[in-house]
Amino acid sequence: MIKDEKLIFELSKSGLQGIDLNSNEFDNENIKEYIPDKFLRNKEAKLPEVGQLDILRHFSALGRMNYDLSKGIYPLGSCTMKYNPVVNEQIGRLPKFANIHPKQPIGTVQGVLEMMYNLQLYLSSITGMKQTTLQPAAGAHGELTGMMMIKKYHQNNRDYERNEIIIPDSAHGTNPASAIMAGFKVVEIESGENGLVDIEKLKNVVSNKTAGLMLTNPNTLGLFEKDISEIADIIHDAGGLLYYDGANLNAIMGVSRPGDMGFDVVHLNLHKTFSTPHGGGGPGSGPVGVSQKLIPFLPKSVVCKDKNGKYFLQENNDVSIGQVKAYYGHILVFIKAYAYILALGEEGLKESSMQAVLNANYLKNEIEDNYQIVSTGFCKHEFVVSGLKDKLSHVSTLDVAKRLLDAGYHPPTIYFPLIVPEAMMFEPTESEDKKSLDELAKALNCIAIEAKDNAEIVKNAPHTTFVKRLDEVKAARKPIVRYLD
Amino acid sequence: MKILEELYYTKEHDWIKVDGNIAMIGITDKAQNLLGDIVYIELPEEDDEIAKGESYGVVESVKAATDLLAPISGEVIEINEEVVDEPEKVNEDAYENWFIKVSIEDKEQLNKLLSAKEYTEFCNKEE
Amino acid sequence: MIPYLKITESERKEMLSKLEIDNMEELFNDIPKKLRVNKKLKIPNKMSEIELINHINEIGKQNVSTDDVISFLGGGVYNHYIPPMIDQILMKPEFYTAYTPYQPEISQGTLQAIFEFQTMICEITGLDVSNASVYDGATAASEAMNMACNHTKRNKILIASTLNPETKNVLKTYAVCQDIEIIEINSVDGVLNIDDLEQKMNQDIAMCLVQNPNYLGQIEDCEKIEEIVHKTKKTLFGIYSYPMSLGILKSPGELNADIAIGDGQCFGISQGFGGPHLGFMAAKKNLLRKLPGRIVGETEDKDGKRAFVLTLQAREQHIRREKASSNICSNQSLLALANTVYLSMVGREGFKKLAIQITNKAHYLQKKLLLINGVKLKYDGPFFNEFVIEIDGDIQNVLDELFSKGYYGGIKLTGDENKNCIMIAVTEKHTKNNLDDFADALEEVLS
């Protein structure tokens with residue numbers, strides 16, 4: 001039984017402090033001789049006042065309220081919740097990498113630059129691209145970076161009319177949002193059968209205004225776009241560029257490469273495909289790989305090597321889009337992806353992708369009697385169901401997800417992609433074995449039976465979690481986003 | 001779905017009540033039903049100009065946020081503070097709880113709006 | 001066998017037979033042959049765990065960290081003390097392996113921690129509302145720019161030329177996309193030129209953004225600036241802060257700022273050669289729904305128990321899609337937790353005391369350095385922990401010699417107006433001995 005955990009502010013007792021950072025000689029409070037009164041603060045920041053043990057207990061208690069990878073599977077489609085190797089947590093904290101300032105002389109950071117240079121190379125090779133920037137901070141940030149480069153490319157060719165990005169209706173919300181943020185207009189195309197691109201519809205919307213097309217392959221239904229070469233030709237012939245959303249790369253590492261499919265720009269999610277931890281929502285990392293023609297537009301600070309073997313940061317590209325964030329990227333995230341790639345090698349990456357695909361197909365097979373499978377044939381690393389097969393009970397995807405919490409599992413991704421009603425997207429990843437997939441399938445199949453025999457228990461789930469269903473309407477109507485005593 | 005005879009409608013599920021030169025605008029019962037529990041409504045300010053077909057505000061529920069598109073052009077002469085403070089009222093009665101009052105710029109634009117009958121037909125087709 | 005997988009060959013066989021196929025390759029038959037990888041990738045052979053650690057340590061040896069020498073580098077990234085408690089908590093799998101808290105019933109830990117973070121940011125900045133963080137200070141500034149332009153329906157912003165160059169660079173990149181014009185207010189004597197601000201301020205400006213203390217370490221006269229900015233209806237006043245300074249400096253809230261942004265790296269996050277860090281965004285109440293990114297709100301569950309949930313999601317990209325105010329999908333969640341733990345440890349009193357200690361140390365060092373022949377103070381206004389000195393001599397030589405004596409002496413500034421200048425940052429990690437020895441070293445180098 002987990003008891004309520006108060007807020008850290010509610011645990012405060014006046015006079016307590018969680019750490020002694022005092023310095024006897026330099027704590028003279030009379031700083032007015034240095035800084036005039038009018039610049040000094042009057043109203044104090046009411047931060048907590050607690051002892052160290054309070055802090056350890058409080059945050060440990062918070063941790064106990066979370067589900068996490070050490071508790072069980074996270075079959076979240078599109079998220080690739082694979083195992084985060086523990087050794088990488090240590091590697092990511094090595095003082096020789098963690099305690100470096102970004103403005104140190106270049107000769108004193110050759111180690112971290114070498115790591116970045118190598119990672120750029122490995123990621124470029126895995127994706128089949130010519131060069132990679134590590135600067136973007138997350139997947140969506142990588143998308144924005146890619147969109148900005150496409151825009152600059154066309155402007156550089158004086159192709160000012162090209163302001164449309166074509167995006168399938170099955171795409172992740174960050175795709176159109178990133179295109180808009182980069183200053184484009186979005187043209188949405190309706191997906192064809194199985195959520196794949198409808199070639200005829202594509203030909204209809206392509207024009208001399210087309211700046212590019214954003215795709216993920218496999219698509220969000222977990223199916224490979226077989227016609228991708230034809231799609232690439234259509235876009236390229238029309239003068240546009242092809243953008244690859246790398247969220248689904250875990251299906252094809254070492255098997256197929258977006259660069260070979262004809263993509264001009266690719267973003268990756270190190271926190272998905274390359275095992276760096278999700279951290280409860282960040283920090284991630286979204287490197288972007290490009291084809292030859294987009295290299296000049298890369299953000300500044302790509303790591304290069306001079307003829308003497310010394311590493312440096314490229315600053316001299318005139319048509320670069322500039323910087324997309326301060327400094328060079330999420331170094332302490334890269335180093336974990338770097339370690340992951342070295343630990344696996346090409347064979348290991350390929351085996352991981354293949355296992356991810358086997359696991360998804362196996363799970364699909366185990367639940368297809370009770371769940372409405374949306375596409376025929378084998379899927380890749382993820383698959384989508386359109387809720388329960390039996391619709392008579394009116395038990396929704398949300399209800400099933402909440403009941404799965406009672407069974408002790410994190411639900412799959414729900415209500416995405418938008419083109420499938422009552423969607424549930426499953427991606428078990430390669431980290432799971434037959435036993436854990438069997439157990440998850442069993443829980444899902446039990447819920448399907450409950451939906452028939454005892455729908456109410458599913459509709460009112462969860463029952464055994466720390467908190468029950470929340471009043472999200474209240475949270476949005478009168479938002480309280482901070483504690484006030 | 002409740003539909004009132006004496007009002008004009010749009011395909012975006014807005015209703016318009018015309019009184020002389022003033023148009024009162026809100027969203028229909030069907031709209032509030034589609035949105036679910038409304039949590040927030042953003043309206044323009046008095047004296048703002050709104051243009052037909054362009055966004056004049058936002059209505060937000062937990063699962064969606066939709067632009068409010070102006071059915072006609074004109075100047076905003078009054079906004080309903082009550083729905084801003086208590087957006088849930090619109091779920092309770094969509095027709096009692098109007099959003100804005102606008103002075104009509106071009107009466108011709110009213111002819112492009114749907115009648116109650118036309119709106120009913122449109123809703124039935126959508127189903 | 002890959003230790004990161006736990007599937008056995010016999011399990012694989014069982015699974016394959018259930019799918020009625022012979023091998024995993026058959027699952028990829030739909031990929032056209034010409035698209036299959038047919039040559040070796042440029043990745044080394046796999047390494048064992050020991051080989052991996054050795055390799056990384058070998059590479060690491062080529063770095064000279066701020067543990068190996070005494071560093072006075074600042075400019076937005078600071079070498080503060082990081083209590084081990086932070087890693088103790090951040091390394092709990094419940095926090096670092098957890099996913100985004102979209103299923104609140106099993107994510108109350110993450111959600112409550114972020115709610116506490118948001119509260120602390122509000123207290124420190126003195127403003128009403130905060131989001132759950134964005135990538136870094138520079139992107140926070142860019143999001144604030146977009147926010148201001150959306151809110152006011154204008155497309156020009158004013159920025160102090162004394163913003164951190166990293167921030168300015170990122171702002172420029174983002175502004176190009178939205179056809180936003182960025183106008184710089186020039187500086188005089190190392191602070192914002194008030195006359196220039198008055199000249200450039202008008203009805204078309206969406207926001208005026210200043211950094212305090214500014215990039216050169218100088219404290220700006222924000223009261224005067226605010227007065228001018230708010231004379232114009234609707235224009236927002238934004239302050240970019242080094243939050244450690246807010247232990248003693250007037251908060252953006254007290255200065256009547258509409259938006260406060262900055263970088264939380266100073267609160268328990270490693271310098272990390274520039275990342276990952278954390279950007280915070282706080283604002284006045286009326287701008288809550290204009291803030292980008294995730295926001296955690298308080299609510300109740302159906303039994304009336306207090307609980308936390310991601311709220312106002314209808315503004316975000318996964319619902320609004322192309323109408324979203326920003327494309328941002330993540331926050332720096334684990335690092336927000338680091339901030340929360342750090343600030344809980346330092347606490348209400350400690351936050352003040354720490355800022356006092358830092359400013360005392362910085363002023364002590366400055367006094368000592370100015371006694372050295374050949375050292376002049378470049379900007380002499382009030383400052384917190386960072387100041388610029390002008391050296392009589394070749395700056396690069398001086399820095400190189402200081403390095404050989406075991407110091408990163410400071411940031412070499414660029415631009416004609418800052419020729420032969422280095423910017424020196426002091427933190428609580430510097431002891432009196434460090435400061436005295438550094439002064440001696442500089443004196444030796446210059447003699």
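Quick caveat, the model's predicted, so the values are computed rather than measured. All heavy atoms count here, side chains included; hydrogens, waters and symmetry mates do not. Here is the naming used below: chain letters follow the sequence lines, and residue numbers restart at 1 for every chain.
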Point to revise | Set of side chain to side chain contact (heavy atoms under 4.5 Å, CB included) partners for C:S65, sequence neighbours left out | key: A:N99, C:D67, C:D68

**Study point:** Pair A:S431-C:K6, side-chain donor/acceptor within less than 3.5 Å
**Key:** no

Check your understanding: What part of A:I228 gets closer than 4.5 Å to chain C, counting heavy atoms only: side chain, backbone, both or neither?
Key -> side chain

Practice item. Pick one of side chain, backbone, both or neither for A:K151, based on which atoms fall under 4.5 Å of a heavy atom in chain C. Key: side chain

Point to revise | When C:E349, C:Q88, C:K352, C:K353 are compared by non-hydrogen pairs under 4.5 Å with chain A, the top option | key: C:K352

I'd like to know if [X] pairs up with [Y] as an ion pair, taking the criterion as any Lys NZ or Arg NE/NH1/NH2 lying under 4.0 Å from an Asp or Glu carboxylate oxygen.
X	Y	value
C:R348	A:E44	yes
A:K435	C:E14	no
A:K474	C:E300	yes
A:K402	C:E105	yes

Practice item. For the pair C:D136 and A:Y327, evaluate side-chain contact (heavy atoms from CB on, under 4.5 Å) and give the outcome as yes or no after the intermediate values. Key: CA-CA 10 Å; C:D136 64 8; A:Y327 309 113; over 6 Å; no

**Study point:** C:E123 and A:R482: CA distance, side-chain angles, deciding distance, side-chain contact (heavy atoms from CB on, under 4.5 Å) verdict
**Key:** CA-CA 9 Å; C:E123 280 296 323; A:R482 61 152 296 167; 2.8 Å; yes

Practice item. Would you indicate whether the side-chain heavy atoms of A:Y338 and C:I59 approach each other to under 4.5 Å? Key: yes

Practice item. Let me see the working for C:E166 and A:K103 under salt bridge (Lys or Arg N to Asp or Glu O under 4.0 Å), right down to the final yes or no. Key: CA-CA 11 Å; C:E166 300 291 314; A:K103 287 293 195 202; 3.7 Å; yes

Exercise for review: Indicate the ring-plane relationship of C:Y135 and A:H141, choosing parallel, tilted or perpendicular according to the 30° and 60° boundaries.
Suggested key: tilted

